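Please read the structure below before turning to the comments.
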2 protein chains.
Amino acid sequence: MKRPVSIKDIGRIVGVSHSTVSRALRQSPVVNAQTAERICQVAREQGYRASLIGRSLVMRRSMTVGCVVTDIADPFVGGVVDGIEKVANQHGYAVFLASSHADPKRELEVVRSFHERRVDGVIVPSSRVGFQYLRHLSALQIPIVLLNNQHPGAYTRSVNIDNLEAGRRLTVHLLELGHRRVAYIGSRHGNQSDADRLSGYRSVIEEAGLPFINDLVVHTDPTPPGGH
Amino acid sequence: MKRPVSIKDIGRIVGVSHSTVSRALRQSPVVNAQTAERICQVAREQGYRASLIGRSLVMRRSMTVGCVVTDIADPFVGGVVDGIEKVANQHGYAVFLASSHADPKRELEVVRSFHERRVDGVIVPSSRVGFQYLRHLSALQIPIVLLNNQHPGAYTRSVNIDNLEAGRRLTVHLLELGHRRVAYIGSRHGNQSDADRLSGYRSVIEEAGLPFINDLVVHTDPTPPGGH
DNA sequence: CTGAAAGCGCTTACAG
DNA sequence: CTGAAAGCGCTTACAG
């Protein structure tokens, strides 16, 4: 790969300093309109693209986020990553993707790699998070956001599904359709999200003046076949 | 995020120039053993991690590869990406993941983003590649590798599945198991990979002295239900 | 309006 | 063995 054209190159061509080129390219209103025009013109001709790595150094932000997953091939994770990438991109960020396969050693390497690359933040879209991340990343003071997980810490946030409200809405929907005997099928692992959904369901049932029937509540494998 | 500790910081602490620190950390044999020891010690205490962005600038390589997919949530793609990430990581590379959703405009943005970030190469793990990539990337002389796709070009390579050999081995396996009536179910889209697999199948059947029976060859939807 | 300077964090010849 | 210098590609006060 040949050396990409730099701000200096185009300054040389146009006959101005690289400072001026930089200003022009960043649309600084201070530079003379005609000069700016010439500069942009040449930049275009030369296929100039600012080096984010040069820029990152002075700006002290890399415009990247790191994303660690346990397994990329997991379709749920895939969906989340897809969303992350889309939004990141819309805001000028790129995303580093790494997978840990739940291996603590890998987790450590990933954190290290992200740190060395000076990511502006990391996102962990899996509910099972090694505490590794949290410890290491907060020591580095890198902002971190988790999915469906709450952990205290100055630099860590978590975005969660509102399972209670979801349980309510699902139930309301069915009642509005005219159904009167609505069953609840939940996960037998009995985690918090299940409890929340169930109480959403229950509260709507009761508010509607319907009997809460225990036999209509089943806990089973949290898989599609499990629902049968 | 507070400023990470730099080579200068630790130079200041140890009382040597940052050049010496750099040398010591890179295990240069030229620096005095004891000084080196002190430097590494302090670096460890301070949680020093070299900035790859600083290093990239001088080294002229970013130690990153870009990976563009059409859809991250696609499980096949997920598996490939997982492998890419693993190997990249083993070699000190990080991977930027972007998805184009087969939108030419997005494709262009992705190429631009990768270029600005000065990726050392890009990998496109999907057989359907917008020619966009190829054009743009080869103009930039960024090495690109495709999956199951062959396109000429100085900077582009493609890694392919050897479908013919795969068809042969599958068939040999079944014959070795003692089967004599082996059917072939292929894709009705009749692409190259199907043709290759089929001829692998056929050649083994014939080499075994078995009759090639046309009714044993079916072309259908290339999906699991399609196989029924 | 524009250039020279300094600096972001690193590496590496070049002189001591 | 070590430091000062130059330079990677950029940005942005500071003087003109």
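Since this is a predicted model, take the numbers as computed values, not measurements. Per chain, numbering begins at 1; letters A, B, ... match sequence-line order. Note: hydrogens, waters and symmetry copies are ignored here, and every other heavy atom, side chains too, is used.
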In plain terms, say whether B/E165 and B/R169 are close enough for a salt bridge, that is, a side-chain N and a carboxylate O under 4.0 Å apart.
yes

Can we say A/R112 and A/E116 salt-bridge, meaning some charged N sits less than 4.0 Å from an Asp/Glu carboxylate O?
no

It should be established whether A/S22 places a side-chain nitrogen or oxygen under 4.0 Å from OP1 or OP2 of nucleotide D/dT11.
yes

Nearest listed nucleotide, side chain of B/R60, among C/dC10, D/dG9, D/dC10
D/dG9

Presence of A/R118 side-chain N/O under 4.0 Å of C/dG9 phosphate oxygens OP1/OP2:
no

Is a side-chain donor-acceptor pair under 3.5 Å present for B/S22 with B/S19?
no

Using whole Å, report how far NE2 of B/H115 lies from C1' of D/dG9.
13 Å

Answer with base, sugar-phosphate or nothing: what part of the nucleic acid does B/V30 contact at a heavy-atom distance below 4.0 Å?
base

Check: B/H18 side chain, C/dT11 base, donor-acceptor under 3.5 Å:
yes

Ignoring backbone atoms, establish whether B/R26 has a side-chain N or O less than 4.0 Å from OP1 or OP2 of C/dT12.
yes

So, is B/R23 close to the C/dC10 phosphate, meaning a side-chain N or O under 4.0 Å from OP1 or OP2?
no

Nearest-angstrom distance from the residue atom CD of B/Q34 to C1' of D/dT2
15 Å

With a 3.5 Å limit on both atom pairs, tell me what D/dA4 is paired to, counting Watson-Crick and G-U wobble, or say none.
none

Report yes if a donor N or O on one partner sits less than 3.5 Å from an acceptor N or O on the other, where the partners are the side chain of A/S19 and the base of C/dA4; otherwise report no.
yes

Using whole Å, report how far CG of B/L57 lies from P of C/dC8.
14 Å

Within the 4.0 Å heavy-atom criterion, would you say A/S56 contacts the bases, only the backbone, or no part of the nucleic acid?
nothing

If you assign B/P29 and B/G54 each to the DNA chain D nucleotide with the nearest heavy atom, which residue ends up on the more 5' nucleotide?
B/P29

I want to confirm an ordering. Mapping B/M59 and B/N32 to their closest nucleotides on DNA chain D, which one lands closer to the 5' end?
B/N32

With a 3.5 angstrom cut-off on both distances, give the Watson-Crick or G-U wobble partner of D/dA13, or none if there isn't one.
none

With a 4.0 Å limit, can you tell me whether A/T20 has a side-chain N or O closer than that to the phosphate oxygens OP1/OP2 of C/dG3?
yes

From CD1 of B/I53 over to P of C/dT11, roughly how many Å is that when rounded to an integer?
12 Å

What's the CD1-P distance between B/I7 and C/dT12, to the nearest Å?
11 Å

When you measure from the side-chain N and O atoms of B/R55 to the phosphate of C/dT11, is any distance below 4.0 Å, counting only OP1 and OP2?
yes

More than 12 non-hydrogen atoms from neighbouring residues, nucleotides or ligands closer than 6.0 Å to CD on B/Q90, yes or no?
yes

Using a strict 4.0 Å threshold on nitrogen-to-oxygen distance, state whether B/R12 and B/D9 make a salt bridge.
yes

A/T35 side chain near C/dT2 phosphate (N/O to OP1/OP2, under 4.0 Å)
yes

Using a 4.0 Å heavy-atom cut-off, does A/S51 contact any base of the nucleic acid, only the sugar-phosphate backbone, or nothing at all?
sugar-phosphate

Atom P, compared across D/dG7 and C/dA4: separation rounded to whole Å:
15 Å

Work out how far the P atom of C/dG9 is from that of D/dT2, and round it to whole angstrom.
24 Å

So, OP1 or OP2 of C/dG7: does either fall under 4.0 Å of a side-chain N or O from B/K8?
no

At their closest point, which heavy atom of B/M59 faces which heavy atom of B/R26, and how far apart are they?
CE-NH1, 3.9 Å

